[in-house]
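Input: a single structure, listed below in structure tokens.
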Amino acid sequence: MSNGSLSSETSPAVLILLGPPGAGKGTQARMLEERFGMVQLSTGDLLRAAVGAGTPAGLAAKAVMEAGGLVSDEIVLAILKDRMAEPDVARGIILDGFPRTDGQASALDALLAEAGQRVTAAISLEVDDAAMIARVAGRYTCAGCGEGYHDEFKQPHAEGVCDKCGGTAFKRRSDDNAETAKARLEAYHAQTAPLIAHYERAGVLERIDAMGDIDAIAGALGQVVGRVSA
Ligand code: ADP
């Protein structure tokens, strides 16, 4: 399979990763970035950056995120639109954690239509709920490069040293605990899972079994992305 960029000047690929918290959207999006030269857009990361910077949007989002609820469409859309105005999106985008509601899905369709684009594929990472709580509650990332790890399933090869960048500082999200993870899973089922049917009707849905190991899932995902972007 080619490693070339999936984008062209006229129609950069627009991929959506759907799946509950802990399904591996972030990990897989980062692997797709490396492999296909596309850009990962994570509304979770953008919101955490806004919280960290103390912007008005961040201040409004903080408590909702800590409770495991969904931030308002208005805030999320404003943040996403800003990010989509950056030139690197011309390489093609992988939306990770967006859209999460009907309103966001419609807004995305409208935003893309303005630019003569549409969703290339919405890829649903299919997993068991019960396993998700365990995954989310044990995960952490390298503070330097963002590589993801897990207390039980994926420790760095050398204890305390990031495999990827050699960094020795790690961080955990404050919402990655069992209680908040449960609330996030509930929000996913109530508001986001129905989008699977939306994209199925639009004829762009792809399903991936995401219960296996990270490399096997990446392999299956890479095949789908290569096919839909060809
Ligand atoms: P995960 O997929 O593991 O839940 P994210 O990093 O995508 O993690 O999101 C973390 C939190 O940020 C969510 O629980 C929610 O509060 C907020 N958030 C992220 N993306 C959106 C979105 N598109 N709409 C509303 N809230 C969002």
Side-chain angles (χ1 to χ4, degrees), residues 14-30 32 40-53 55 57-84 93-112 119 122-129 131-141 146-150 153-154 171-196 198-199 208 210 214 217:
V14 178
L15 303 179
I16 295 171
L17 293 185
L18 287 169
K25 300 184 296 295
T27 306
Q28 296 297 338
R30 289 160 62 89
L32 289 175
Q40 172 194 17
L41 296 191
S42 156
T43 43
D45 287 349
L46 293 171
L47 287 166
R48 278 184 288 279
V51 171
T55 64
L59 292 175
K62 188 169 190 280
V64 180
M65 291 173 75
E66 276 171 5
L70 291 187
V71 175
S72 74
D73 285 357
E74 197 191 351
I75 290 178
V76 172
L77 285 165
I79 283 185
L80 185 88
K81 277 186 189 164
D82 277 356
R83 181 63 186 85
M84 282 184 63
I93 57 175
I94 308 151
L95 292 166
D96 156 15
F98 179 93
R100 255 176 159 97
T101 64
D102 252 350
Q104 291 178 16
S106 308
L108 175 66
D109 288 342
L111 191 68
L112 292 174
V119 171
I123 305 170
S124 169
L125 303 183
E126 315 246 306
V127 291
D128 291 345
D129 271 15
M132 290 308 98
I133 308 274
R135 276 200 203 173
V136 168
R139 70 186 182 178
Y140 61 97
T141 54
E147 181 70 0
Y149 294 99
H150 192 282
F153 312 127
K154 189 193 167 201
K171 58 184 186 182
R172 272 174 210 272
R173 282 168 42 176
S174 59
D175 61 347
D176 276 349
N177 58 71
E179 196 190 327
T180 310
K182 196 160 169 281
R184 286 158 58 202
L185 200 54
E186 280 163 12
Y188 174 78
H189 283 295
Q191 298 188 71
T192 309
L195 298 184
I196 293 173
H198 170 88
Y199 291 113
I208 299 263
I214 291 173
I217 300 163

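When a ligand or atom number is given, it counts from 1 through the structure's own listing order.
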field: Intermediate values then yes/no, side chain to side chain contact (heavy atoms under 4.5 Å, CB included), I16 and L108
entry: CA-CA 11 Å; I16 295 171; L108 175 66; 3.8 Å; yes

message: Working note: Y199 + I123, criterion side chain to side chain contact (heavy atoms under 4.5 Å, CB included); need CA distance, chi angles, decisive distance, verdict.
response: CA-CA 9 Å; Y199 291 113; I123 305 170; over 6 Å; no

message: Determine whether R30 and Q40 satisfy the following criterion, side chain to side chain contact (heavy atoms under 4.5 Å, CB included), listing intermediate values before the conclusion.
response: CA-CA 7 Å; R30 289 160 62 89; Q40 172 194 17; 3.4 Å; yes

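More than 12 heavy atoms of other residues, nucleotides or ligands lie within 6.0 Å of CD in E66, so this atom counts as buried by the packing criterion.
Applying the side-chain hydrogen bond (donor to acceptor under 3.5 Å, both in side chains) test to residues at least two apart or on different chains, the pairs with a partner in residues 101-112 are D73-T101, D73-Q104, D109-H198.
Checked for salt-bridge contact, R135 and D128 miss the test: no charged N lies under 4.0 Å from a carboxylate O.
Protein residues with a heavy atom under 4.0 Å from ligand 1 are P21, K25, T43, G44, L47, R48, M65, G69, L70, V71, V76, G97, F98, R100, Q104, R139, R173, D175, R184.
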